[in-house]
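Only one structure is covered here, and it is reproduced in the block below.
Indexing begins at 1, ligand by ligand and atom by atom, following the structure's order.
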Amino acid sequence: MSTVMKSIQHLTRALACATLGFLLQAPAHARDLVLGFSQLGSESQWRIANTKSIQESAKAAGVQLRFENAEGNPAAQVTAIRAFISQKVDVIALAPGVTTGWDDVLKEAREAGIPVIITDRGIDTHDDGLYATVLGSDFAEEGRRAARWLVRSGTAKAQVRIVELQGTSGSAPAIERKAGFEEVLRTDPRYKVVRSEVANFSKDKGREVMAAILQSEKQVDVVYAHNDDMALGAIEALEAAGRKPGKDVLLISVDATRGAFEAMVQNKLNVTVECNPLIGPQLMDLVKLVKAGKPVPKRVQSREGVFAMDKAASLIGSRKY
Ligand code: GYE
């Protein structure tokens, strides 16, 4: 065979292989499940861990992830969902910044036949047919756990003056952690929330709001922060004001992040109620079930504990976020 013929044969074979490879790959690729995920922001250590969990578990599950971060702007979440609908993704997952304002866009998703999973925070709607399931924590129970720890820790004081640092206004964890905490405190009149202010789940805001409160509030016995980041900011404000967080002011928070464990090891934070951000693997399982049209429970919950200062040093090594 001439060299020209040989090279033509090689070329043909190479082309055939490439085409075959493409053909084999193409349907596999087309079968990849596409998930559009609308994340609400990057406000806290919890959120950073949550984002990482979703990205890593999508990869591990072979799910093609389109990830949009709204950086605290609910309107940008609506825009992201509309974009996912026009891209015809298979499933949409939404971590909603606030509880209201979702009905219209979720109806659009339903009309387009795209199932929606609500993750992390719940929404307020009369039509629970707008989503397949809600995956996340029980925030009211977290608030109750925080208050139960306080009441059980005992006090000799006739009145315990509490400052509450709330998460973002209108968000499910801020609303429900406040309600759960108050529910338990109503059982003991010695405990009184003297100030309750919004600090947006952020450390800087926690520091700033706490410093302002300390200007006028001379007696503060307890700080209850709706997340660890705000508690860590409050610790700095208390220290700057010459107070001893963890000793003359008790600090209670929610999430159980590494930063909280570090503060507990230093005896500055008294207790943190766990809220698990590592829900990526559970989300990917649900995404696959929903896409396959299989039934899923309307509410899927993560399992969580409460960690106090005295156990922090022995547990810190095993914490995953
Ligand atoms: O507790 C807080 C974050 O929605 C459960 O949001 C989440 C909360 C979390 O900013 O740290």
Side-chain angles (χ1 to χ4, degrees), residues 37-54 69-74 76-77 93-100 102 117-124 131 134-147 164-181 197-207 209-210 223-235 251-263 269 271-280 282-283 299-307 319-321:
F37 187 98
S38 166
Q39 179 61 288
L40 65 94
S42 324
E43 71 289 353
S44 65
Q45 291 309 305
W46 190 100
R47 188 71 45 204
I48 308 294
N50 179 246
T51 289
K52 198 162 162 248
S53 170
I54 283 144
N69 193 328
E71 301 298 355
N73 176 7
Q77 294 201 268
L94 164 67
V98 290
T99 54
T100 53
W102 306 104
I117 296 175
I118 307 290
T119 122
D120 163 24
R121 302 180 176 180
I123 60 167
D124 208 355
Y131 55 86
V134 185
L135 163 66
S137 306
D138 181 342
F139 303 136
E141 182 55 20
E142 290 165 356
R144 283 184 218 110
R145 285 178 178 170
E164 178 180 38
L165 297 178
Q166 295 181 40
T168 315
S169 294
S171 70
I175 297 166
E176 293 162 23
R177 284 173 188 163
K178 185 177 196 337
F181 189 74
E197 286 181 27
V198 173
N200 291 346
F201 285 124
S202 100
K203 182 177 177 184
D204 287 348
K205 201 79 187 148
R207 186 194 305 107
V209 171
M210 192 66 216
V223 174
Y224 165 49
H226 289 181
N227 82 343
D228 293 337
D229 302 64
M230 293 188 294
L232 297 179
I235 287 172
L251 274 110
I252 304 171
S253 66
V254 185
D255 277 355
T257 55
R258 181 160 301 274
F261 272 79
E262 283 162 5
L269 176 73
V271 67
T272 182
V273 175
E274 188 177 25
C275 178
N276 184 9
L278 309 180
I279 51 181
Q282 272 171 296
L283 175 62
R299 172 88 188 139
V300 180
Q301 210 168 295
S302 16
R303 229 181 259 154
E304 291 145 345
V306 177
F307 304 105
R319 300 297 299 163
K320 297 219 162 38
Y321 65 96

Side-chain donor-acceptor contact under 3.5 Å, Asp229 with Ser202: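 Side-chain D/A pair, Asp229 to Ser202: absent.
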N/O donor-acceptor pair under 3.5 Å between Arg319 side chain and Thr257 backbone: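 Flag not set: sc Arg319 to bb Thr257 has no pair under 3.5 Å.
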Distance-minimising heavy-atom pair for Gly167 and Val198: O-CG1, 3.6 Å
Residues lining ligand 1 [heavy-atom distance under 4.0 Å, listed by chain and residue number]: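 These residues qualify: Glu43, Ser44, Trp46, Arg47, Asp120, Arg121, Phe139, Pro173, Arg177, Phe201, Asn227, Asp255, Cys275.
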Which residues pass the side chain to side chain donor-acceptor pair (under 3.5 Å) test with [X], not counting sequence neighbours?
X      : result
Thr168 : none
Glu43  : Arg47
Thr51  : Gln39

